[in-house]
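Whatever order the structure lists ligands and atoms in, that order sets their numbers, starting from 1. Not measured: the values here are computed from a predicted model. Note: hydrogens, waters and symmetry copies are ignored here, and every other heavy atom, side chains too, is used.
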Amino acid sequence: MTAIEPPSETIWWNQPLDRVETTWIALALVWSLIMFVMMPVWHVYGKQNLSNEAYRTTPEAFMAKTQAMVDQYTVRTETNQNVPVVRPPPGSDVYLIGRLWQWWPLLEFEKGQTYRLHIASMDWQHGFSLQPVNINTQIVPGYEMVLTVTPDTSGDQTIICNEYCGIGHHTMTGKIYITEGGS
Ligand code: CUA
């Protein structure tokens, strides 16, 4: 008998289940139930979920808030790109713009402090990807994403865009400088 011939018992669905088959079905059922329960458990207790929120916004409103933060808390300018480096106070709301093809401004955070990082797009869809910590979120036009972040290592972190957004996509980078606390 081969697979292309009809089975000898044509009413195959009335045949009794083999014990091995029953065992596999039971195992698959139990495992799928475990996974089902773990989804909400991981959502609450897992560390892979971002604590994010999203709100409606407009490019104009978000730009105004970002500009106000830049005006108040810029500490220096990155000379080669003429981009402000902003050092907002710990615990504050921080605004980051994604646009063709730039994350603006550059940010400076203090290690161990918590910030509410608002991110919005000025034009179309970008992907916020923070390396090397590997935090990723979609930045969809019309919404601001709010990530509550507490950097636990010092050093430079690089923001890249991981959603293809045109000819300059690969140049769309930003920075978050993490400084040691108490400075
Ligand atoms: Cu922005 Cu790719």
**Prompt:** Under the ring pair (Phe, Tyr, Trp, His ring centres under 6.0 Å) criterion, do F62 and Y95 qualify, and how do the steps go?
**Reply:** CA-CA 8 Å; F62 196 84; Y95 300 90; 5.6 Å; yes
**Prompt:** Closer than 2.8 Å to atom 1 (Cu) of ligand 1, do we get an N, O or S atom from C165, backbone or side chain?
**Reply:**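 Given the 2.8 Å cut-off, C165 counts as a ligand of atom 1 (Cu) of ligand 1.
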**Heteroatom N/O/S of Q125 within less than 2.8 Å of atom 1 (Cu) of ligand 1** =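 It does not; every qualifying atom lies at 2.8 Å or beyond.
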**Request:** Give the atom name of whichever N/O/S atom in E163 sits closest to atom 2 (Cu) of ligand 1.
**Result:**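 Considering only N, O and S atoms, E163 comes nearest to atom 2 (Cu) of ligand 1 through O.
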**Request:** Quick one: report the N, O or S atom of H169 that is nearest to atom 2 (Cu) of ligand 1.
**Result:**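 Distance check against atom 2 (Cu) of ligand 1 picks out ND1 in H169.
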**Prompt:** Between CG of L17 and OG1 of T22, what distance do you get to the nearest 0.5 Å?
**Reply:**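 If I round to the nearest 0.5 Å, the distance is 4.5 Å.
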**Item:** Exercise: do N82 and E78 side chains pair donor with acceptor under 3.5 Å
**Value:**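 Judged by distance alone, the side chains do not pair up.
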**Asked** Would one find an N, O or S atom of C161, in either backbone or side chain, under 2.8 Å from atom 2 (Cu) of ligand 1?
**Response**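 Yes, within the cut-off.
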**Prompt:** Has H126 got an N/O/S atom less than 2.8 Å from atom 2 (Cu) of ligand 1?
**Reply:**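 False for H126.
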**Message:** Salt bridge or not between E144 and K65? Use side-chain N to carboxylate O under 4.0 Å.
**Reply:**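 Here E144 pairs with K65 in a salt bridge, since their nearest N and O are under 4.0 Å apart.
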**Message:** In the structure I gave you, are the side-chain heavy atoms of R99 and S121 within less than 4.5 Å of one another anywhere?
**Reply:**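 SC-SC contact between R99 and S121 ruled out.
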